[in-house]
Amino acid sequence: MLDQKFVRENFAEVKERLSLRNGDFSYLDNFLKLDEERRKIIVEVEELKARKNAISKQIGIYKRENKDVTPLLEEMDLDDDRIKTLDERLRDLEEEIKLIMLNTPNLPNKNVPRGTSSEDNVEIRRWGEPTKFTFTPKPHWDLAETLDLIDFERAGKITGSRFAIYKKLGAKLERALITFMLDVHTQLHGYEEQLPPVIVNRDSMTGTGQLPKFEEEAFKLYNNQNYFLVPTAEVPVTNYYRNEILNGDDLPISFCAYTPCFRAEAGAAGRDTRGIIRQHQFNKVELVKFAKPEESYDCLEQLTRDAEHILQLLELPYRVVELCAGDLGFSSAKTYDIEVWLPSYNDYKEISSCSNFEDYQARRANIRFRRAPKAKPEFVHTLNGSGLAVGRTWAAIVENYQQEDGSILIPKVLRPYMGGLEYIR
RNA sequence: GGAGGAAUACCCAAGUGGUUGAAGGGAUCGGUCUUGAAAACCGACAGGACGUGCAAGCGUCGCAAGGGUUCGAAUCCCUUUUCCUCCGCCA
């Protein structure tokens, strides 16, 4: 959420920066009007309440002294209706303003490249070279079928499309990747591990920005409309500190968490229909940081490096791109996507998205910190990134490490997690 | 799921309608004393949001959350949440 005061006082700048995103923000003009009325009403109603409080206090004193209070009571009656009317109007105004604010995305950071689509994203760096083959490589869905690593058909029977059953060494590889990623982040990068609920409530979904605007993207529980399946561990882990004031000395705080992730993929019909690239349920290890404002952009660099490190250890070629303003997620001020080389796409494919939300989520979720014991609380900056999307990593390994005989060479760092196995065949 | 009980500051805790605009203790911070520390003593210590003002300040709200009753609510009523005890069920 943007700071109301900031929007009011820097209205032109806010609109200009928002306009870098795709979308129509003319509705914001209404905010100014509502906000002005709101403040006018506050002035009036608070004055009435102050008077009322004073009279009530007088009544208390009169009663103790056994004086007649009827004149005071009469004076009060007039105020009462007016207060009620104003309070109701105020509540409506505040609700309306809140709705506007909750539906307004974050301001892109000033240094974010301009652009309207992923075409305008800027490549920052590459690591490794796209894998070369002396034979025609197969897509992971073919390899998975031949090696009996995934059963898509029965998953369709059991649940529906865009679900998969990992089998045998396929299941073990997925499990190995999860453990490997968590081990690297906790042991090498200083993240604290969490294993959070995969069902969260409406307030949590609102805190990180999934609601109210993107409700159709989320899986909702049928018997409790207040509960949602997590689309990412970002939601439970960021909301860990909702409505809390942290000690500034403890920042930055770094958490990592594995969860399955659930996405409706409402607008994605026909996209990535083969394989495990786009599923309704997938596994992900997420990195989350809470930082002081002045250090959050350093934290974003570090978090991105931490995610990249996984690919380096797995020796998978990738590149890092910075998203242009038009391609930024709703809550993000700046985002790096990490894209792994995927032979079946003959292209780089997103495997991690690392973002600095600045104080946007913190204001929604009311997460603050104090620099010193008595200091005024300030909003923290929140960051997160995939470290990494496990299913896509699985696909990248299977495709990039495939051998001419159809077997999969297991990356060295994963072998301890695979019982020393060298090949899947 | 059923029956009870509870929720006040960092912690313990008083408080059942009108100087409680929240007692007391502990912890913490500052000071006196001391070579230093402890103890003792003195002082500070209910947050935060919003509004208003150049500012000092003032005002509104605030005792789990949200409503309500009342001139006035921590105190009465309703709803919700969380925790505890017992019973049932269950991995």
Side-chain angles (χ1 to χ4, degrees), chain A residues 1-10 31-102 195-207 211-212 221 223-228 236 239-250 260 359-380:
Chain A
M1 208 157 50
L2 302 178
D3 180 12
Q4 274 189 50
K5 219 175 272 179
F6 183 84
V7 175
R8 180 198 309 151
E9 288 163 8
N10 305 273
F31 163 81
L32 276 189
K33 280 203 308 241
L34 296 171
D35 181 63
E36 198 188 328
E37 188 185 349
R38 168 180 151 267
R39 283 180 295 137
K40 231 175 84 185
I41 288 179
I42 286 174
V43 171
E44 185 181 346
V45 79
E46 287 192 353
E47 204 213 306
L48 291 174
K49 282 181 181 172
R51 237 176 71 213
K52 191 171 163 175
N53 287 345
I55 297 173
S56 286
K57 207 170 159 185
Q58 272 303 312
I59 292 176
I61 294 167
Y62 273 38
K63 285 239 170 166
R64 216 172 308 117
E65 295 170 354
N66 282 318
K67 286 200 218 164
D68 180 25
V69 297
T70 28
L72 292 174
L73 289 176
E74 274 165 19
E75 194 176 340
M76 194 93 64
D77 275 354
L78 295 170
D79 295 344
D80 238 22
D81 287 343
R82 181 70 182 153
I83 288 175
K84 201 166 243 172
T85 312
L86 290 175
D87 265 345
E88 269 163 29
R89 178 64 185 150
L90 195 58
R91 207 178 314 166
D92 290 349
L93 282 169
E94 276 168 355
E95 208 169 299
E96 214 173 323
I97 289 169
K98 177 126 201 215
L99 205 62
I100 289 176
M101 298 311 283
L102 285 177
L195 190 60
V198 297
I199 295 174
V200 295
N201 60 31
R202 195 168 277 277
D203 286 343
S204 295
M205 291 288 275
T206 306
L211 293 183
L221 293 205
N223 59 349
N224 186 334
Q225 296 284 302
N226 199 35
Y227 282 175
F228 297 81
N239 279 280
Y240 184 76
Y241 285 128
R242 178 150 46 86
N243 292 328
E244 293 192 31
I245 299 177
L246 310 177
N247 182 347
D249 295 338
D250 296 338
D359 62 5
Y360 185 86
Q361 290 182 327
R363 188 170 282 106
R364 283 174 165 253
N366 192 28
I367 306 170
R368 294 172 294 174
F369 76 100
R370 258 188 250 276
R371 289 180 190 276
K374 301 273 180 189
K376 187 177 154 70
E378 302 170 52
F379 287 109
V380 300

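Per chain, numbering begins at 1; letters A, B, ... match sequence-line order. These numbers come from the heavy atoms of this one structure, side chains and all, not from hydrogens, waters or symmetry mates.
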Looking only at side-chain N and O atoms, does A/Asn366 offer a donor or acceptor that is under 3.5 Å from a partner on A/Arg364? no

In the structure I gave you, are the side-chain heavy atoms of A/Phe228 and A/Leu211 within less than 4.5 Å of one another anywhere? yes

Length of the CD1-C1' vector between A/Ile61 and B/U20, whole Å: 15 Å

Could you work out the separation of B/G2 and B/C89 based on their P atoms and round it to a whole Å? 15 Å

Charged N-O contact under 4.0 Å between A/Arg8 and A/Glu36: no

Does the side chain of A/Arg38 reach to within under 4.5 Å of the side chain of A/Gln4, using non-hydrogen atoms? yes

Between A/Gly60 and A/Ala375, just flag the one whose closest nucleotide in RNA chain B comes earlier from the 5' side. A/Gly60

With the threshold set at 4.0 Å, does a side-chain nitrogen-carboxylate oxygen contact exist between A/Asp35 and A/Arg39? yes

With the side chain counted from C-beta on, respond yes when A/Ile199 and A/Leu221 share a heavy-atom pair under 4.5 Å apart, and no when they do not. yes

Partners passing salt bridge (Lys or Arg N to Asp or Glu O under 4.0 Å) against A/Arg371 (at least two apart in sequence or in another chain): A/Glu294, A/Glu378

Looking at A/Arg89 and A/Glu37, is there a salt bridge between them, counting it only when a charged N and a carboxylate O are closer than 4.0 Å? yes

Quantified in whole Å, what is the C1' atom distance between nucleotide B/A91 and nucleotide B/A3? 25 Å

When the C1' atoms of B/A23 and B/A9 are considered, how many whole Å apart are they? 13 Å

Pairwise side-chain contact, A/Met101 with A/Leu2, heavy-atom cut-off 4.5 Å (strictly under): yes

Using a cut-off of strictly less than 4.0 Å between a heavy atom of the residue and any atom of RNA chain B, enumerate the qualifying residues of residues 241-250 of chain A by number. none

Validation row: A/Asp203, A/Asn226 side chains within 4.5 angstrom (heavy atoms): no

Taking the C1' atom of each, how far is B/A65 from B/G25, in whole Å? 29 Å

Taking the side chain as every heavy atom from C-beta outward, state whether A/Leu48 and A/Leu86 have any atom pair closer than 4.5 Å. yes

Specify the separation, in whole Å, of atom CD1 of A/Ile83 and atom P of B/U70. 14 Å

Could you state the NZ-C1' distance from A/Lys84 to B/G67, rounded to the nearest angstrom? 12 Å

Taking ring pair (Phe, Tyr, Trp, His ring centres under 6.0 Å) as the definition, give me every residue that meets it alongside A/Tyr240, ordered by chain and number, with sequence neighbours left out. A/Phe255

Roughly how many Å apart are B/A13 and B/A46, using the C1' atom of each and rounding to a whole number? 15 Å

Quick test of your reading of the model: are A/Asp81 and A/Lys84 salt-bridged, counting only N-O distances below 4.0 Å? no

Do the charged groups of A/Lys63 and A/Asp68 touch, with an N to O distance under 4.0 Å? no

Between B/G66 atom P and A/Asp87 atom CG, what is the distance in whole Å? 14 Å

Rounded to whole angstrom, note down the P distance from B/G18 over to B/C77. 16 Å

Whole-Å distance, A/Asp203 CG to B/U82 P, equals 12 Å

Detail all sub-3.5 Å separations between protein N/O atoms and N/O atoms belonging to nucleotides 49-51 of chain B.
| unit_1 | atom_1 | unit_2 | atom_2 | d |
| --- | --- | --- | --- | --- |
| B/C50 | O3' | A/Arg38 | NH2 | 2.9 |
| B/G51 | OP1 | A/Arg8 | NH2 | 2.8 |
| B/G51 | OP1 | A/Arg38 | NH2 | 3.3 |

Roughly how many Å is it from CD in A/Glu44 to P in B/U52, rounded to a whole number? 14 Å

Same-atom distance (P) from B/C54 to B/G66, integer angstrom: 32 Å

If the P atom of B/U20 is compared with that of B/U80, how far apart are they to the nearest Å? 35 Å

Rounded to whole angstrom units, what separation is found between the OH atom of A/Tyr62 and the C1' atom of B/G18? 15 Å

A/Tyr227 OH to B/U81 P, in whole Å, measures 8 Å

For RNA chain B, what string of dots and brackets results from 5' to 3' when Watson-Crick and G-U pairs need both distances under 3.5 Å, crossing pairs get [ ], and pairs with another strand get |? ((((((((.[[[..)..(.....]]].(((((.......)))))...(((((....)))))..[[[[[..)....]]]]])))))))....

So which of residues 47-59 of chain A are in contact with RNA chain B, with a heavy-atom cut-off of under 4.0 Å? A/Lys49, A/Ala50, A/Lys52, A/Asn53, A/Ser56, A/Lys57, A/Ile59

Do you see a donor-acceptor pair shorter than 3.5 Å between the side chains of A/Asn201 and A/Ser204? yes

